[in-house]
*Asks:* 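Just dropping this structure here.
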Amino acid sequence: EVFAYLHDADRRADWDAMADLARLEGESVAPGARLHLRGRRTAPSWVGEYAEVDPPRSSVLRLVEGVGMPFSDFRQTIRVAPGEGGSRVTLRLEYAPRGAARVLDPFTLRPRLATAVRRSLENLSRRFA
C-alpha cells in the first residue's frame, strides 16, 4: 500500500515537499517510464525516468531534463521495507551539482534538499499514522 501510494502520480503532491504536480507518461511505473514534476515554490521542474523499479520494495528515478536544475546528475531512490507495526520508508537523493552550484552546495542546496526530504517523510508519516 505504501509503495503504491508513493508511486501514484496523482498523489505525489500530497507527500513530496518539492513537487506540486506530477504526471506519469504511460500506463504504469516501470523502468523507462517518465515522470514530469513541477517544482513547488522555488524548487525546479524536471523530468525523471525510472531507472529501476522493484515493487513493493524500491525505485530509482533519475534526472533526464530539468528547468532550473543545478545538477549534472540527480537520482531519487525510494525504499520501502517492513518496520515495527508498519513500513519504513527511506528517501535518498544523490546528485552532482554543476557550475556555481558546486561552491554553493554546502550552504544552499544540501540544507534545502535535506529539509525537503525531512518534510516529505513527515508528510508520509502523517498519512500512514
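The first residue in the sequence is number 1, and the count goes up from there.
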*Asks:* Tell me every residue that passes side-chain hydrogen bond (donor to acceptor under 3.5 Å, both in side chains) with R92, counting only those two or more places apart in sequence or in another chain.
*Replies:* none

*Asks:* Identify, with sequence neighbours excluded, every residue that meets salt bridge (Lys or Arg N to Asp or Glu O under 4.0 Å) alongside R112.
*Replies:*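 R112: no salt bridge (Lys or Arg N to Asp or Glu O under 4.0 Å) contacts found.
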
*Asks:* Using a 3.5 Å distance criterion without hydrogens, assess whether the side chain of S125 forms a donor-acceptor pair with backbone atoms of L121.
*Replies:* no

*Asks:* Could you tell me the separation between the CZ atom of R98 and the CG atom of D73, rounded to the nearest 0.5 Å?
*Replies:* 10.5 Å

*Asks:* Search all heavy atoms of S59 against all heavy atoms of H7 and return the closest pair with its distance.
*Replies:* OG-NE2, 2.7 Å

*Asks:* For residues P97 and R102, report the shortest heavy-atom separation together with the two atoms involved.
*Replies:*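 For P97 versus R102, the nearest heavy atoms are O-CG, 3.1 Å.
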
*Asks:* Sequence neighbours left out, what pairs pass ring-ring contact (aromatic ring centres under 6.0 Å, His included) with at least one residue falling in residues 109-129?
*Replies:*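 The answer is Y5-F128.
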
*Asks:* Sequence neighbours excluded, which residues qualify as side-chain contact (heavy atoms from CB on, under 4.5 Å) partners of R62?
*Replies:*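 With sequence neighbours excluded, R62 shows a side-chain contact (heavy atoms from CB on, under 4.5 Å) to E49, A51, V64, R75, given in chain and number order.
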
*Asks:* Return the set of residues passing side-chain hydrogen bond (donor to acceptor under 3.5 Å, both in side chains) with R79 (not counting sequence neighbours), or none when no residue passes.
*Replies:* none

*Asks:* Would you mind listing every salt bridge (charged side-chain N to carboxylate O under 4.0 Å, His left out) that reaches into residues 119-129, with sequence neighbours excluded?
*Replies:*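 Counting only pairs at least two positions apart or across chains, no salt bridge (charged side-chain N to carboxylate O under 4.0 Å, His left out) contact touches residues 119-129.
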
*Asks:* Taking all non-hydrogen atoms of both residues into account, name the closest pair between G39 and S45 and its distance.
*Replies:* N-OG, 3.1 Å

*Asks:* Quick one: do V53 and V47 end up in the same hydrophobic cluster if we chain Ile, Leu, Val, Met, Phe, Trp and Tyr together by side-chain heavy atoms under 4.5 Å apart?
*Replies:* no

*Asks:* Under the salt bridge (charged side-chain N to carboxylate O under 4.0 Å, His left out) definition, can you give me all pairs with a residue in residues 18-32, not counting sequence neighbours?
*Replies:*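 Sorted pair list: D20-R38.
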
*Asks:* Can you tell me how far apart CG (L93) and CG (L109) are? Round to the nearest 0.5 Å.
*Replies:*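 Spacing of CG (L93) from CG (L109) equals 11.5 Å.
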
*Asks:* Can you name the closest pair of heavy atoms from A33 and S28 and give their distance?
*Replies:*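 Minimum heavy-atom contact is CB-O, 3.6 Å.
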
*Asks:* Do the non-hydrogen side-chain atoms of L124 and L6 ever get within less than 4.5 Å of each other?
*Replies:*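 Heavy-atom side-chain distance check passes, below 4.5 Å.
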
*Asks:* Please name all residues satisfying side-chain hydrogen bond (donor to acceptor under 3.5 Å, both in side chains) with R88, sequence neighbours left out, ordered by chain then number.
*Replies:*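 By the side-chain hydrogen bond (donor to acceptor under 3.5 Å, both in side chains) rule, R88 matches no residue at all.
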
*Asks:* Between A9 and A22, what is the shortest heavy-atom contact and its length?
*Replies:* O-CB, 3.6 Å

*Asks:* Please list all pairs meeting ring-ring contact (aromatic ring centres under 6.0 Å, His included) that have one or both residues in residues 82-123, counting only residues at least two apart or in different chains.
*Replies:* F71-Y95

*Asks:* Do L24 and I78 sit in the same hydrophobic cluster, where Ile, Leu, Val, Met, Phe, Trp and Tyr count as joined when their side-chain heavy atoms come under 4.5 Å apart?
*Replies:*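 L24 and I78: one cluster.
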
*Asks:* Using salt bridge (Lys or Arg N to Asp or Glu O under 4.0 Å) as the criterion, list what pairs up with D8, not counting sequence neighbours.
*Replies:* none

*Asks:* Do L35 and Q76 have side chains that get closer than 4.5 Å, going by heavy atoms?
*Replies:* no

*Asks:* Got a sec, which residues hit salt bridge (Lys or Arg N to Asp or Glu O under 4.0 Å) with R118, two or more places apart in sequence or on another chain?
*Replies:*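 Salt bridge (Lys or Arg N to Asp or Glu O under 4.0 Å) check on R118 returns nothing, list empty.
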
*Asks:* Between V80 and S87, is any pair of side-chain heavy atoms under 4.5 Å apart?
*Replies:*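 Yes. Closest side-chain heavy atoms under 4.5 Å.
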
*Asks:* For L104, which residues count as a side-chain contact (heavy atoms from CB on, under 4.5 Å) partner, sequence neighbours excluded?
*Replies:*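 Testing L104 for side-chain contact (heavy atoms from CB on, under 4.5 Å), a comparison that skips the adjacent residues, returns T108.
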
*Asks:* If I compare all heavy atoms of R40 with all of A19, which pair ends up nearest, and what's the gap?
*Replies:* NH2-O, 2.5 Å

*Asks:* Would V2 end up clustered with L91 when hydrophobic side chains under 4.5 Å apart are linked, directly or stepwise?
*Replies:* yes

*Asks:* Any sub-3.5 Å donor-acceptor pair from T77's side-chain atoms to V60's backbone N or O?
*Replies:*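 Not a single qualifying donor-acceptor pair exists.
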
*Asks:* Nearest 0.5 Å please: distance from the CG atom of L113 over to the CG atom of D105.
*Replies:* 8.0 Å

*Asks:* Would you mind reporting whether W46 and L61 have side-chain heavy atoms less than 4.5 Å apart?
*Replies:* yes

